[in-house]
Amino acid sequence: MKKSILILFIAIVSASSWAQSRKANLKDKVALQGYDPVAYFESNKAIQGNKEITADYNEALYYFTSEKNKSLFLANPSQYQPQFGGYCAYGMSNGYEAPIHPEAFTIVDNKLYLNYSLKVKEMWNKEQAIRIEKAKVNWNK
């Protein structure tokens with residue numbers, strides 16, 4: 001029994017580590033094309049971060065508009081990270097990784113979803129709940 005629990009624990013930790021280290025939408029290691037992940041939530045805007053105020057998390061470099069936003073992020077990174085590795089949520093709902101336009105975003109249930117363009121965001125918004133579920137299934141494959 002103890003051996004089975006240990007094997008299950010190792011499998012869960014390994015899966016969790018794998019999920020955290022999955023490929024993300026980065027350019028030169030920078031996440032969100034340099035936009036501040038906290039600003040999406042605090043200002044409901046896509047705001048370019050400052051290259052002087054950064055944090056490295058899960059092998060991705062995040063830029064922030066202020067030390068306050070950096071501190072908020074570091075206190076709870078999973079709260080602010082974009083869904084699906086920062087790839088277009090609409091694209092992921094169709095089973096592929098697509099780049100994003102940082103200003104094409106939506107926050108749903110306190111989670112950040114990004115889209116390829118403002119036009120794609122309009123399509124995303126029409127079927128949001130269905131698209132989120134499809135994207136989750138595809139991301140977990």
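These values consider heavy atoms only, across backbone and side chains, with no hydrogens, waters or symmetry-generated copies.
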Heavy-atom closest pair, residues A89 and N115: N-ND2, 4.0 Å
Does V38 offer a backbone N or O that forms a donor-acceptor pair with the side chain of D36 under 3.5 Å? yes
Determine, using the 4.5 Å side-chain heavy-atom cutoff (strictly less than), whether W124 and V137 are members of one ILVMFWY cluster. no
Closest heavy-atom contact between G34 and Q48? O-NE2, 3.2 Å
Is it true that a side-chain atom of K45 and a backbone atom of A39 form a donor plus acceptor pair closer than 3.5 Å? no
N125 side chain to Q128 side chain, donor-acceptor N/O pair below 3.5 angstrom: yes
Could you tell me the separation between the CD1 atom of I53 and the OG1 atom of T65, rounded to the nearest 0.5 Å? 7.0 Å
Rounded distance [0.5 Å steps], OG in S93 versus CD in E133: 11.5 Å
Supply the atom-to-atom distance L114 CG to Q33 CD, rounded to the nearest 0.5 angstrom. 9.0 Å
ILVMFWY network linking M123 to V108, side-chain heavy atoms under 4.5 angstrom: yes
Hey, quick one: are L74 and Y80 part of the same hydrophobic cluster, counting side-chain heavy atoms closer than 4.5 Å, chains of contacts allowed? yes
Closest non-hydrogen atom pair, A31 against L26: CA-CD2, 3.6 Å
Show, in sequence, the C-alpha distance, side-chain angles and deciding distance for N25 and I100, and conclude whether the side chain to side chain contact (heavy atoms under 4.5 Å, CB included) test is met. CA-CA 9 Å; N25 187 5; I100 54 107; 3.7 Å; yes
My understanding is that only one of N69, I47, L32, V30 makes a side chain to side chain contact (heavy atoms under 4.5 Å, CB included) with Y63; could you say which? V30
P102 vs Y40 side-chain heavy atoms within contact, under 4.5 Å: yes
Given side chains that start at C-beta, do those of L118 and E122 come closer than 4.5 Å, heavy atoms only? no
Charged N to carboxylate O below 4.0 Å: is that the case for D56 and K29? yes
What is the minimum heavy-atom distance between Y87 and A24, and which atoms define it? OH-O, 3.4 Å
Quick one: do F41 and L112 satisfy side chain to side chain contact (heavy atoms under 4.5 Å, CB included)? Show the steps, please. CA-CA 8 Å; F41 294 88; L112 175 61; 3.8 Å; yes
Candidate pair K134 and N94, rule side chain to side chain contact (heavy atoms under 4.5 Å, CB included), full reasoning: CA-CA 7 Å; K134 287 181 177 182; N94 288 319; 5.9 Å; no
Are F64 and F73, when compared by the centres of their aromatic rings, separated by less than 6.0 Å? yes
Under 4.5 Å between side-chain heavy atoms, hopping through other hydrophobics if needed: is there a path connecting L72 to I107? yes
With a 3.5 Å distance limit and no angle check, can you tell me whether D109 reaches the backbone of K111 through a side-chain donor-acceptor pair? no
Using every non-hydrogen atom in the two residues, find where N138 and M92 come nearest and quote the distance to one decimal. ND2-O, 2.8 Å
Atom of S117, atom of H101 and distance for their closest heavy-atom approach: CA-CB, 4.1 Å
To the nearest 0.5 Å, how far apart are CD in Q81 and OH in Y57? 5.5 Å
F84/Y113 under side chain to side chain contact (heavy atoms under 4.5 Å, CB included): CA gap, chis, key distance, verdict: CA-CA 8 Å; F84 315 121; Y113 297 92; 3.6 Å; yes
When you measure from the centre of the six-membered ring of F105, is the NZ or CZ of K121 closer than 6.0 Å and no more than 45° off the axis? yes
